[in-house]
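For reference, the structure discussed in these notes is given below.
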Amino acid sequence: MITAGRIVRLAERDRAQLHFFLDGEMRDALAGDTVLTAMLASGHALRKSEFGPEPRAGFCLMGACQDCWVWQDEGPRVRACSAFVSEGMRLRTTEPESWP
């Protein structure tokens with residue numbers, strides 16, 4: 001059982017493992033995970049709160065609130081709660097300097 005993250009997997013641990021990069025660090029996920037699930041299961045928070053130093057883990061978890069945007073190194077931002085993680089995906093929790 002994987003227990004390092006904010007999400008503990010109790011079932012479906014037999015799905016294919018894949019790797020993605022978050023803020024330059026390689027992380028593990030399972031095929032079919034959303035980006036948010038992969039981030040939280042790997043022990044990382046979604047982002048820091050804009051109102052204090054606390055880490056955030058998403059709000060509505062269904063794509064309605066705009067709280068879970070993360071940026072791809074090679075392109076646009078994605079909603080972590082509804083985008084699926086893919087092998088080799090490169091994500092960042094802070095916006096790139098070139099972001100409008």
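For Glu87 (side chain) and His19 (main-chain N/O), a donor-acceptor pair under 3.5 Å exists by modelled atom type. In this structure, Ser42 contributes its side chain and Ala38 its backbone to a donor-acceptor pair below 3.5 Å. Under a 3.5 Å cut-off, the side chain of Thr34 and the backbone N or O of Thr37 do form a donor-acceptor pair. Asp23 places a side-chain N or O within 3.5 Å of a backbone atom of Thr93 that can act as its donor or acceptor partner.
The shortest heavy-atom contact between Asp73 and Arg92 is OD1-CD, 3.2 Å. In terms of heavy atoms, Ala83 sits closest to Val78 at CB-CB, 4.0 Å.
In this structure, the side chains of Val70 and Arg77 stay at 4.5 Å or more apart for every pair of heavy atoms. Trp69 is listed as a side-chain neighbour of Arg79, based on a closest heavy-atom distance under 4.5 Å. You'll find the side chain of Leu30 stays beyond 4.5 Å of the side chain of Leu18, heavy atoms only.
To the nearest 0.5 Å, atoms CD (Gln17) and CG (Asp33) are separated by 10.5 Å. The distance from atom CZ of Phe21 to atom CE of Met26, rounded to the nearest 0.5 Å, is 5.5 Å. If you take CE on Met39 and CZ on Phe20, they are separated by 7.0 Å, rounding to the nearest 0.5 Å.
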